[in-house]
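All values below come from the heavy atoms of this structure, side chains included, with hydrogens, waters and symmetry mates left out. Since this is a predicted model, take the numbers as computed values, not measurements.
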Amino acid sequence: MIEIDRSSVGIKPRSMTGRAAVLASSCLLGWLGFVGGVGCQEKQELTAPPPPLRPEAEATQLKPQAAQKDCEPVDSEHEPKPLSFGERSIPEGTRLAEQGKAKLRTAQSAEVTRPVREDMVTQAVDDFITALRADPYNVEATYSLAAAYATIPRPQCTINLLTRLLQMRPHASKHADVEQHLDKLLGRKQTLDPDFAGMRKDERFRALIQKMCEGTNDANCVYGAQRDNRER
């Protein structure tokens, strides 16, 4: 026998009365979510609500980053391989080192404000680092970066660079340039370099100065050669 869907052919179904009507109403209300589907033959499963919206925090609400730490001590067994002459960019290193020195002089001027001074020192440090990437054997960039780090202060960074300066000292092509900068550091025939004033009581710094003074006849070398400005 073929069943006929009365609603599809325009035949009006008979109205439900009594218990059947109550049961149908209960199922309809349960489907709408107002009451439970008590008495329904099939329960309607409700779709789980989406997770709550959690927008990302604004940049102004982020915690400030901690200040950059000092350098790690140099590990002589894991230093980069030396660069050949052809791999170096000597003119670029020289130009950047002089540019950094000019910015340090501006930072040391009594006429500049503190924000300007800090900005100039930061720019100078960037110039010296870039100069040493171009030419790792640039004595001026090595010494000046050590001096800049001494004023920030980042003492281990200063120690690393002065150690590097001593490593270049025995090379014939660098010896005279290194000695000229050591004269400034040690106060030989001139005043002590004020950039290193905060380092002169550091035991690591004093140990390096002792190495720099080896072979000299000046008993006051470690403290500064001039008589009226010795660092005790």
Side-chain angles (χ1 to χ4, degrees), residues 65 67-76 78-171 173-188 190-200 202 204-205 207-209 211-212:
Q65 294 182 352
Q68 184 174 349
K69 298 180 180 180
D70 200 0
C71 298
E72 295 293 332
V74 173
D75 184 356
S76 58
H78 297 87
E79 290 186 9
K81 295 181 180 180
L83 296 181
S84 65
F85 185 86
E87 293 175 312
R88 297 157 58 189
S89 181
I90 297 175
E92 182 69 4
T94 301
R95 183 187 69 80
L96 288 166
E98 291 300 323
Q99 180 175 291
K101 279 183 63 179
K103 291 176 181 177
L104 275 188
R105 286 193 294 268
T106 300
Q108 293 166 351
S109 172
E111 300 177 357
V112 300
T113 61
R114 180 175 179 178
V116 173
R117 180 178 298 108
E118 292 176 350
D119 183 56
M120 286 292 101
V121 171
T122 300
Q123 291 186 38
V125 167
D126 290 340
D127 286 340
F128 295 138
I129 290 174
T130 308
L132 289 173
R133 286 174 179 165
D135 179 15
Y137 309 103
N138 187 297
V139 174
E140 182 62 61
T142 302
Y143 180 87
S144 296
L145 184 56
Y149 277 143
T151 64
I152 292 180
R154 291 185 187 164
Q156 186 60 56
C157 295
T158 298
I159 296 299
N160 292 350
L161 287 158
L162 292 179
T163 300
R164 171 69 174 166
L165 197 68
L166 279 178
Q167 290 173 343
M168 291 190 285
R169 191 184 195 182
H171 295 271
S173 62
K174 299 296 180 183
H175 181 77
D177 199 5
V178 171
E179 287 297 326
Q180 182 180 356
H181 285 82
L182 292 184
D183 286 345
K184 185 178 181 181
L185 178 65
L186 299 173
R188 295 190 297 216
Q190 56 191 301
T191 58
L192 287 168
D193 190 338
D195 289 339
F196 294 94
M199 292 287 300
R200 295 191 182 274
D202 189 301
R204 298 166 297 176
F205 182 84
L208 277 176
I209 298 297
K211 292 181 179 179
M212 296 174 186

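- Between Y149 and C157, the shortest heavy-atom distance links the atoms CD1-CB, 3.4 Å.
- Closest approach of L104 to S144, counting heavy atoms only: CD1-O, 4.0 Å.
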Step by step, would you call Q108 with T151 a side-chain contact (heavy atoms from CB on, under 4.5 Å)? CA-CA 10 Å; Q108 293 166 351; T151 64; 5.8 Å; no

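- Residue pairs meeting the disulfide (SG to SG under 2.5 Å) criterion with at least one member in residues 98-139: none, sequence neighbours excluded.
- Between the CG atom of D202 and the OG1 atom of T158 there is a distance of 9.0 Å, given to the nearest 0.5 Å.
- When side chains are defined from C-beta on, K69 does not count as touching Q156, because their heavy atoms never get closer than 4.5 Å.
- Separating the CG atom in L208 from the OG1 atom in T163 is a distance of 4.5 Å, to the nearest 0.5 Å.
- Annotation: side chain to side chain donor-acceptor pair (under 3.5 Å) contacts of R117 (sequence neighbours excluded): none.
- Using modelled atom types, one side-chain atom of H175 and one backbone atom of R169 make a donor-acceptor pair closer than 3.5 Å.
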Evaluate the side-chain contact (heavy atoms from CB on, under 4.5 Å) criterion for residues H181 and E140: first the C-alpha distance (whole Å), next the side-chain angles of each, then the deciding distance (0.1 Å), finally the verdict. CA-CA 8 Å; H181 285 82; E140 182 62 61; 2.9 Å; yes

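- The two residues Y137 and K174 come nearest to each other via the heavy atoms O-NZ, 3.0 Å.
- Here the side chain of N160 pairs a donor or acceptor atom with the backbone of E72 at under 3.5 angstrom.
- Across every non-hydrogen atom of L161 and T142, the tightest pair is O-CG2, 3.4 Å.
- Pairs of residues two or more places apart, or lying in two chains, that qualify as salt bridge (charged side-chain N to carboxylate O under 4.0 Å, His left out) and include a residue from residues 120-133 are K103-D127.
- Residues L185 and L165 form no side-chain contact, since every pair of their non-hydrogen atoms from C-beta on lies 4.5 Å or further apart.
- A donor-acceptor contact shorter than 3.5 Å links the side chain of R164 to the backbone of P136.
- Put simply, NZ on K184 and OG1 on T191 are 8.5 Å apart, with the number rounded to the nearest 0.5 Å.
- With hydrogens and angles ignored, the 3.5 Å screen pairs no side-chain donor or acceptor of N138 with any backbone N or O of I90.
- The distance from atom CD1 of I129 to atom CG of L96, rounded to the nearest 0.5 Å, is 11.5 Å.
- Put simply, CG on L182 and CG on D177 are 10.0 Å apart, with the number rounded to the nearest 0.5 Å.
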What's the verdict on side-chain contact (heavy atoms from CB on, under 4.5 Å) for Q180 and V139, showing C-alpha distance, side-chain angles and the deciding distance? CA-CA 10 Å; Q180 182 180 356; V139 174; over 6 Å; no

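- Scanning all heavy atoms of the two residues, the minimum distance from M199 to I159 falls at CE-CD1, 3.8 Å.
- You'll find the ring centres of Y143 and F128 outside the 6.0 Å limit.
- Under the 3.5 Å distance criterion, the side-chain polar atoms of S109 are left unmatched by any main-chain donor or acceptor of T106.
- Minimum heavy-atom separation, K211 to L166: CB-CD1, 4.1 Å.
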